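All remarks here apply to the structure that follows.
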2 protein chains.
Amino acid sequence: MPKIPQLDALDRKIIRALQRNGRITNLELAAEVNLSPSPCLRRLRNLENNGAITGYSVDVNTKAYGLPVTVMVRISLEKHTEDVVVRFEERMKAIPEVLECFVMTGLSDYLLRVVVSDLEDYERFVRDRLHPIGGISSIDTSFVYGVVKRTHVFPEFHG
Amino acid sequence: MPKIPQLDALDRKIIRALQRNGRITNLELAAEVNLSPSPCLRRLRNLENNGAITGYSVDVNTKAYGLPVTVMVRISLEKHTEDVVVRFEERMKAIPEVLECFVMTGLSDYLLRVVVSDLEDYERFVRDRLHPIGGISSIDTSFVYGVVKRTHVFPEFHG
DNA sequence: GTATTTTTGGCATTAGATTCCAAAATTCAT
DNA sequence: ATGAATTTTGGAATCTAATGCCAAAAATAC
């Protein structure tokens with residue numbers, strides 16, 4: 001694993017500006033963090049190259065795209081032998097409807113965020129994608145009714 | 001609510017390309033979706049203006065930034081009177097450690113994603129941020145041990 | 001306090017974004 | 001099907017941003 005040099009206050013300012021707007025130009029970014037464009041771009045490239053920044057993306061309206069139903073799924077496995085765990089996790093990586101899969105403390109082993117087009121589509125997901133994996137002891141489904149908040153911007157860091 | 005015109009296959013290709021790399025140039029994007037740069041940019045601007053695309057962001061290594069602990073918190077309210085609900089949701093929007101807050105079906109009312117620097121910081125979060133809100137009947141905390149998958153890329157849509 | 005190292009800022013060059021318009025493709029009415 | 005109307009595309013010119021280089025400034029070490 002790459003060890004990432006400690007970020008300074010300016011790096012974190014750059015990161016928070018990009019979390020607010022990932023497609024801001026370097027010129028605007030430089031102005032926002034009070035730096036001239038060339039050192040700003042150099043810092044940005046460093047953050048990208050040393051692993052502090054892992055990528056860029058776009059936020060899309062799920063309804064507009066045609067996947068209006070978001071589901072949070074908590075899954076426990078029957079046992080935790082290497083083969084069962086590896087098989088499950090490989091399937092998670094391969095299933096396109098699964099956007100996120102976390103390993104959790106607490107009663108459930110995994111928490112998934114899944115997007116589908118409707119209830120029927122979710123039934124298909126459980127029947128055709130999850131059940132065939134095997135080794136699953138419980139599936140607890142919660143649908144997302146509304147989004148109160150969703151941001152990419154980290155809290156200010158005072159370290 | 002703005003009604004967003006139906007996206008066609010090309011719009012969805014553009015979106016998926018940007019979900020993979022939100023900072024791709026218009027020239028590269030155009031090449032990827034087999035379109036020349038000018039109509040590609042015009043489509044992109046349309047998606048931005050009509051609400052299909054809501055923003056751009058950067059993915060940051062939480063450890064590098066100094067917030068290595070991610071927590072999923074399930075919260076239920078004692079009652080669902082307008083004042084209690086509104087107060088709770090306004091506080092969620094205002095607390096910087098809360099990156100996401102969803103309204104859920106199932107046993108819990110809300111699911112939060114919270115980032116903090118350590119366990120002590122999370123205790124402070126619960127004591128100083130959540131408890132003072134009032135009206136909370138239960139808080140169920142699960143720590144994220146590992147990330148099996150995390151993508152922004154939606155499944156291909158065949159509609 | 002001076003030498004060394006790191007970071008910055010400005011400039012020249014290269015690459016990309018944006019705009020405009022004519023051509024091509026699609027849609028619609030008949 | 002056929003032609004008119006509408007929408008979408010592609011290319012060229014222009015404007016804006018990114019990139020690389022080097023000297024100056026700042027920070028650090030001795």
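A quick note: this is a predicted structure, and the numbers were derived from the prediction, not measured. Labels below follow one simple rule: chain letters A, B, ... track the order of the sequence lines, proteins then strands, and each chain is numbered from 1. Hydrogens, waters and symmetry mates play no part in the numbers below; they use all other heavy atoms, side chains included.
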Looking at every strand, decide which applies to A/Thr25 at a 4.0 Å heavy-atom threshold: base, sugar-phosphate, or nothing.
sugar-phosphate
Atom [atom1] of [X] to atom [atom2] of [N]: distance rounded to whole Å?
X: A/Asn26; N: D/dT19; atom1: CG; atom2: P; result: 8 Å
X: B/Leu29; N: C/dA17; atom1: CG; atom2: C1'; result: 13 Å
X: B/Leu41; N: D/dG11; atom1: CG; atom2: C1'; result: 15 Å
X: A/Asp8; N: D/dT28; atom1: CG; atom2: P; result: 11 Å
X: A/Ile24; N: C/dG16; atom1: CD1; atom2: P; result: 20 Å
X: A/Leu35; N: D/dA26; atom1: CG; atom2: P; result: 14 Å
X: A/Leu10; N: D/dA26; atom1: CG; atom2: P; result: 16 Å
X: A/Glu28; N: D/dT16; atom1: CD; atom2: P; result: 13 Å

Report yes or no: is the cationic atom of A/Arg23 (NZ for Lys, CZ for Arg) under 6.0 Å from the centre of the six-membered ring of B/Tyr56, at an angle within 45° of the ring normal?
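Judged by the rule, A/Arg23 and B/Tyr56 form a cation-pi pair.
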Minimal non-hydrogen separation, B/Lys13 against B/Asn34, with atom names:
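Taking every non-hydrogen atom into account, NZ-ND2, 3.7 Å.
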Judged by each residue's nearest nucleotide on DNA chain C, which is more toward the 5′ side, A/Arg23 or A/Asn34?
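Its nearest nucleotide lies further toward 5', so the answer is A/Asn34.
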Are any of A/Arg45's side-chain N or O atoms less than 4.0 Å away from OP1 or OP2 of D/dA18?
no
Take A/Leu119 and A/Phe143, measure what side chain to side chain contact (heavy atoms under 4.5 Å, CB included) needs, and give me the verdict at the end.
CA-CA 10 Å; A/Leu119 271 199; A/Phe143 292 92; 3.4 Å; yes
Taking only the side-chain heavy atoms of [X] (C-beta and beyond), determine which of [options] contains the nearest atom.
X: B/Ser38; options: D/dA12, D/dA17, C/dG9; value: D/dA12
X: A/Ser36; options: C/dG9, D/dG10, C/dA17; value: C/dG9
X: A/Arg43; options: C/dT7, C/dG16, C/dG9; value: C/dT7

A/Arg113 side chain to A/Thr70 main-chain N or O, any donor-acceptor pair under 3.5 Å?
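It does not hold such a pair.
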Can you check whether A/Phe102 and B/Tyr145 have ring centres sitting under 6.0 Å from each other?
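Aromatic pair excluded; centres sit 6.0 Å or further apart.
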